[in-house]
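First comes the structure, then the notes that go with it.
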Amino acid sequence: MKEEGNCAIELLPRVVGVERHRLLTDGEGVSTLVVFHGCPLRCRYCLNPLTLTDGWRWKPIRCKDLYGQLKVDELYFLATGGGVTFGGGEPALYPGFITEFRGLCGKDWLLTLETSLNVPRENIVRLLPVVDRFIVDIKDVHLEIYRRYTGKDNRGVLENLRFLVEKGRSNDVTVRVPLIPGYNTMEEQEDSRLVLERMGLNCFDLFTYETDRTDE
């Protein structure tokens, strides 16, 4: 199954990169970042453009093979309360793979998802029992700003955030609220934060995208 633009992906993921021994960058403790290929968004300042490149050398990977690569750092994970962060691209396109990975690594590794949440609700429902932390790059809550920057609608994103709050997971969510040069203002960034705070979220990462590129 593959419909990347409409998010219906449940193939074996392709891994663009694995970064080991990350300290306090993706949550608690020492973590390993696994970068998945594929994303429903087309952000103007994409931080990982290789995740969108077709015809490259990335090959599908089986869950047991990825686990075999990562378990070498289990002692670091257990000693520091760390684990694996799935990023991309959009890792929430692969709920079955991540669920299978949880079954292999057990309950003691911290599993974190770096996600736009711009995926069907069903994906989030499946991920909810197996993911410990969600780092959500919201871009901007304003529909037109979001659409101009990503090429997509954000109403499903906001509904997925509300779902996480309703399920009692607000303390497990960090929302990244960027100031995006040429797309939003500091006032709009703060307005996004206030909207999300009223929604019931309480952990925010406010920052500015560093870029010398201009809007086309």
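Just so it is clear, the values below take in all heavy atoms, side chains as well, and ignore hydrogens, waters and symmetry mates. Since this is a predicted model, take the numbers as computed values, not measurements. Count residues from 1 along the sequence.
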Using a cut-off of 6.0 Å, state whether more than 12 heavy atoms not belonging to [X] lie near its atom [atom1].
X: Tyr67; atom1: OH; result: yes
X: Arg147; atom1: CZ; result: yes
X: Glu122; atom1: CD; result: no

- Step-by-step salt bridge (charged side-chain N to carboxylate O under 4.0 Å, His left out) determination, Asp132 to Arg102: CA-CA 11 Å; Asp132 298 301; Arg102 171 60 87 186; 2.6 Å; yes

- Item | Closest approach of Pro40 to Glu90 (non-hydrogen atoms, all atoms of both residues) |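 Closest pair (atom of Pro40, atom of Glu90, distance): CD-CB, 3.6 Å.
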
- Taking all non-hydrogen atoms of both residues into account, name the closest pair between Phe204 and Val177 and its distance.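 So the minimum-distance heavy-atom pair works out to CD2-CG2, 4.1 Å.
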
- Message: Phe36: which residues meet the ring-ring contact (aromatic ring centres under 6.0 Å, His included) condition with it, sequence neighbours left out?
- Response: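 Listed in chain order: Phe86, Tyr94, Phe97.
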
- For Phe207, ring-ring contact (aromatic ring centres under 6.0 Å, His included) partners two or more places apart: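 Phe207: ring-ring contact (aromatic ring centres under 6.0 Å, His included) contacts with Tyr209.
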
- Task: Output, in order, the C-alpha distance, side-chain angles, deciding distance and verdict of side chain to side chain donor-acceptor pair (under 3.5 Å) for Arg121 and Asn160.
- Result: CA-CA 6 Å; Arg121 170 67 57 81; Asn160 282 334; 3.1 Å; yes

- Would you say the side-chain atoms of Arg133 pair up with the backbone N or O of Asn171, donor to acceptor, closer than 3.5 Å?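 A pair under 3.5 Å: yes.
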
- Query: With no hydrogens and no angle check, is any side-chain donor or acceptor of Asn48 less than 3.5 Å from a backbone partner on Gly88?
  - Reply: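 Checked: pair present.
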
- Remaining members of the apolar cluster that contains Leu143, side-chain heavy atoms under 4.5 Å: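 Listed partners: none, Leu143 stands alone.
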
- Query: Thr99 and Arg126: side-chain donor and acceptor closer than 3.5 Å?
  - Reply: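 No, because no side-chain N or O of Thr99 sits under 3.5 Å from a partner of the opposite role on Arg126.
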
- Query: When Glu114 is tested against each of Val136, Val34, Val35, Leu33 for side chain to side chain contact (heavy atoms under 4.5 Å, CB included), which residue passes?
  - Reply: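 Exactly one candidate clears the test, Leu33.
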
